[in-house]
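Note sheet for the following structure.
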Amino acid sequence: MPVAASEDAKQVDNIFNFMMTIATGLFLIVEGVLIYCVIAFRRVKGDQSDGPSIEGNVPLEILWTAIPTVIVFILAIYSFEVYNELGGLDPITSRDSSPQQIAMHSHHQVALGIGIYGDENSNNPPLIVDVQGMQYAWIFTYPQTGIVSGELHVPKDRPVRLNIKATDVLHAFWVPQLRLKQDAIPGRDSILGFTSNLEGNYPIVCAELCGAYHGGMKSVLYVESPETYAQWEEANKPVQEASLDETVAVNTKNLSDGQYLAPYAQEMGIQPETLAQLTSQHQHSGHL
Ligand SMILES: [Cu+2]
């Protein structure tokens with residue numbers, strides 16, 4: 001198994017280990033009996049007689065039906081319990097704790113999804129990211145900051161709520177290190193929540209055969225320290241929010257001739273003051 005990048009992922013690993021333990025035990029018992037019988041009951045040299053006729057054994061039949069039934073029931077209840085704890089069974093109540101939100105949602109379709117992302121009113125509110133799956137890419141939009149990215153950056157220990165959509169066909173958002181997978185469905189939103197407690201880069205894989213380049217539909221989840229994430233957020237905020245000094249385009253109509261020509265004239269050794277005097281005498285000519 002790849003590294004577990006969240007506390008919730010460990011619950012999934014626990015089921016896996018539990019099932020592996022039972023399966024390994026069964027394998028050893030069945031194969032052990034088989035090998036013992038092959039050796040212990042092998043044909044003795046010169047023995048041409050038939051084996052004894054055995055009619056069946058009701059207590060034995062009951063026993064070897066009951067044992068697998070009990071095992072399957074234990075696994076079913078245990079995995080149901082983990083699925084429920086990860087918010088898979090009741091997306092509305094586990095996701096929106098305030099009564100208004102529950103009332104609001106009851107008029108809509110039941111949300112599809114899995115994973116816990118906490119409470120919006122708590123002191124660690126979730127980071128919300130809109131995820132769009134399309135042939136053949138994932139697009140991540142951060143409605144709280146306006147960032148649009150092809151990679152998913154999140155801070156460590158902060159709950160994350162992904163609102164997943166698909167624009168064309170079925171896709172599936174899968175991060176093996178989070179042990180979470182959620183279908184992206186055209187025309188129907190789904191939610192995936194997680195809180196990663198381990199910094200690192202993890203692959204985002206499309207787990208639904210979605211077309212010819214399905215295999216290339218990959219991205220990366222970056223779980224970063226809060227400081228590194230803040231830097232990334234600052235560096236990727238949309239340009240509209242940056243100050244005028246950082247913007248590339250300036251409307252030259254709002255500049256005087258002197259201001260407009262200053263950057264070019266300075267290279268030629270002409271002072272802006274001289275330029276201002278010159279252009280004020282030739283106002284009618286406008287910009288050169
Ligand atoms: Cu896909």
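Because only heavy atoms are used, hydrogens play no part in the values below, and waters and symmetry mates are left out as well, while side chains stay in. Just follow the structure's listing: the first ligand is 1, and inside any ligand the first atom is 1.
Ion pairing between a basic and an acidic side chain is recognised when a charged N comes within 4.0 Å of a carboxylate O; Asp13 and Arg179 show such pairing.
Restricting His171 to its N, O or S atoms, the one at the least distance from the Cu ion (ligand 1) is ND1.
At least one N, O or S atom of Met217 sits under 2.8 Å from the Cu ion (ligand 1). Put simply, Cys210 gets within reach of the Cu ion (ligand 1), with an N, O or S atom under 2.8 Å from it.
Ring centers of Phe18 and Tyr78: under 6.0 Å apart, within the cut-off.
Residue Val129 is tested with Ile147, Thr141, Leu152 for a side-chain contact (heavy atoms from CB on, under 4.5 Å); the sole match is Leu152. Between His153 and the options Trp232, Phe140, Tyr202, a ring-ring contact (aromatic ring centres under 6.0 Å, His included) holds for only Trp232.
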